[in-house]
Protein chains: 4
Amino acid sequence: MAGSVNKVILVGNLGRDPEVRTLPSGDRVVSFSVATSESWRDRNTGERRERTEWHNVSIFNENLAKIAEQYCRKGSKIYLEGQLQTREYQDKDGIQRRATDVVLQRFRGELALLDSRGGGAGAGDYEGGGGGYGSSSGGGSSFGRSSPMERSSGDRAPAPAPAGGGRLSDQLDDDIPF
Amino acid sequence: MAGSVNKVILVGNLGRDPEVRTLPSGDRVVSFSVATSESWRDRNTGERRERTEWHNVSIFNENLAKIAEQYCRKGSKIYLEGQLQTREYQDKDGIQRRATDVVLQRFRGELALLDSRGGGAGAGDYEGGGGGYGSSSGGGSSFGRSSPMERSSGDRAPAPAPAGGGRLSDQLDDDIPF
Amino acid sequence: MAGSVNKVILVGNLGRDPEVRTLPSGDRVVSFSVATSESWRDRNTGERRERTEWHNVSIFNENLAKIAEQYCRKGSKIYLEGQLQTREYQDKDGIQRRATDVVLQRFRGELALLDSRGGGAGAGDYEGGGGGYGSSSGGGSSFGRSSPMERSSGDRAPAPAPAGGGRLSDQLDDDIPF
Amino acid sequence: MAGSVNKVILVGNLGRDPEVRTLPSGDRVVSFSVATSESWRDRNTGERRERTEWHNVSIFNENLAKIAEQYCRKGSKIYLEGQLQTREYQDKDGIQRRATDVVLQRFRGELALLDSRGGGAGAGDYEGGGGGYGSSSGGGSSFGRSSPMERSSGDRAPAPAPAGGGRLSDQLDDDIPF
DNA sequence: TTTT
DNA sequence: TTTT
């Protein structure tokens, strides 16, 4: 299909700490569920109603997986972009089932932490603003896109310790802008 | 949850003609499935692989349901925005199952037809340019947002007859900009 | 143009309190600027660089304008969806200029407050979760979509007083789900 | 700013063939303008009105620049994702001006061609269904994300020759999934 | 299971 | 002008 788009955008909160699995291939996957919620007034009763939706998220994107593992915790509010993917599996009773996940594939998807708890942010981190539009201007925002060149840094400390804004990626990337 | 977002954006093709159901409440729902597809080169074998994903779409938004019913057909390429919703149901064997749909709720979601078959719009159709920014400028694009004031127009002709670009909504809306 | 989409999604912080203007037509517009920021490592120097982008936002959507006026303040972190619109104007020296804004038109766009300061959220506000998928299920999230039926409630108190999550819209809507 | 998002999604038509420039750094930039259009019924006069918006797009993402150069032409309908960027410049009369562009930075953004002219893809092109969910499953869609490993393939033939759906990237990528 |  |  020449042109198709499959995109999910969520802003919500993690229901639990992320889980990390290592695949037979050696790839690591970080997964968690995210709650979104909406409320409305019932057309008939006039009462306010609310509905919470739970989304299963799986991160194959290595950079974003690392960030999720290190900084996302139960209750964290995040912005994420992924794609819809439905898989079939057999449950413990041998029944064939389907489940639809929000997946951030290798080199794809976005993740941004939206709560500022723990935010140190040393003075001077943002100095002068702007920035040109010059030829060397890379891009990226939040913990945007990963790069295929980056190797695992090995540190999967269980402790969160969210660093100050804009500094996180320093610990993760090498020299690829993102 | 004060701030949460649950949004799906798809560009893909309908696998079948839309189905129309009328709910006990009298509301009508239009549903169909949309295929998106992606291809990549296998990391190990070097072969090109492709995967098609099927999305079940349900439109409760009355205006967009009408448009889908009238103009979408098997094979139509569309842009749509909806939200993820997972529901539980019992299958014919009494097994409890879950299914995740892309839902366009009342007054919500977007739908745009992307193929121009039947479309007037000859060469130069888009070269009109400009347009003001007056104070009375409403908004809307494609078949954007429906309005709660609009009642069903009654005409659910089975024939498609896609009109020229941008004219469709004339047949559907009254005086609400969208 | 049969199918076109013009959408901007921003997550960022307000640079100042919102400004409210009343148009000759009587419509009110709420406007503010939003900062987004990205950082990357310079390809040549290896230094971390940052660039902040400022977006001018104008809200014509009445419901969302009210919410912005009441709850958004300098520094607030928000999620918003709007469209790009470029307008021409004459500056004070009579020079013809163009400016591109992110606009939330009547009945269009989305706005969600992402910081929880002031968040009371009485216990029991979220009880039982879920919610069915019944025929009366409206939609909406955050302070999603406005409705053409709602009139201005008249209260434009300068004081913020952000209420507990999910309660805000109670003060604004009547019986339209959103 | 720890969590910020700056995203533009457009579906529209190119107003002219893309222009290609080479920067002093050697990087190439492909730029063009895209028209989106919306129509609505005037609240006062009841007349249908239409407004076309023109967006200046600049592609620094090397892969997507190549694709745009090869396959996008005046009139092409595309889906794209980029970010807003405002730059200052001096016009020919020495007046300082600002312009806001939609930018696809290196390794960022998305581009999908939505018209099927020249497209092989006969009937039944999208009815293949399924596709696995293997552990080695990469991702990507359309001409999603570029990779830093890919070098310019050198062929910037001025002739379009759009190939059949999903095959295009074969000519561009090496072994990076996208 | 989250959050408001 | 924000935020980290």
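Naming: A, B, ... by sequence-line order, numbering from 1 per chain.
Under 4.0 Å is where a charged nitrogen must lie from a carboxylate oxygen, and between C:Glu47 and C:Arg49 no such pair does.
In this structure, NE2 of C:His55 is placed 13 Å from C1' of F:dT1, rounded to the nearest angstrom. Atom CG of A:Leu113 and atom P of F:dT3 are 18 Å apart (whole Å). A:Asn13 has its CG atom 10 Å from the P atom of E:dT2, to the nearest Å. If you measure from atom CD1 of A:Ile78 to atom P of E:dT2, you get 15 Å, rounded to the nearest angstrom. A:Arg51 places its CZ atom 18 Å from the P atom of E:dT2, with the value rounded to the nearest Å. In this structure, A:Arg73 atom CZ and E:dT1 atom P are separated by 19 Å, rounded to whole Å.
Donor-acceptor pairing under 3.5 Å, judged by distance alone, is absent between the side chain of C:Ser37 and the base of F:dT4.
Taking every side-chain heavy atom of C:Arg16 into account, F:dT1 is the closest of E:dT2, E:dT4, F:dT1.
C:Lys74 has its side chain out of reach of C:Leu14: every pair of non-hydrogen atoms, C-beta onward, lies at least 4.5 Å apart.
Judged purely by distance below 3.5 Å, without hydrogens or angles, the side chains of A:Arg48 and A:Ser39 pair a donor atom with an acceptor atom.
Taking all atoms of both residues into account, the shortest heavy-atom contact from C:Lys77 to D:Gly3 is NZ-O, 2.8 Å.
Close to E:dT2, at under 4.0 Å from its OP1 or OP2, lies a side-chain N or O of A:Lys74.
The aromatic ring of A:Trp54 is stacked on the base of E:dT1, with the two ring centres less than 5.5 Å apart and the planes inclined by under 30°.
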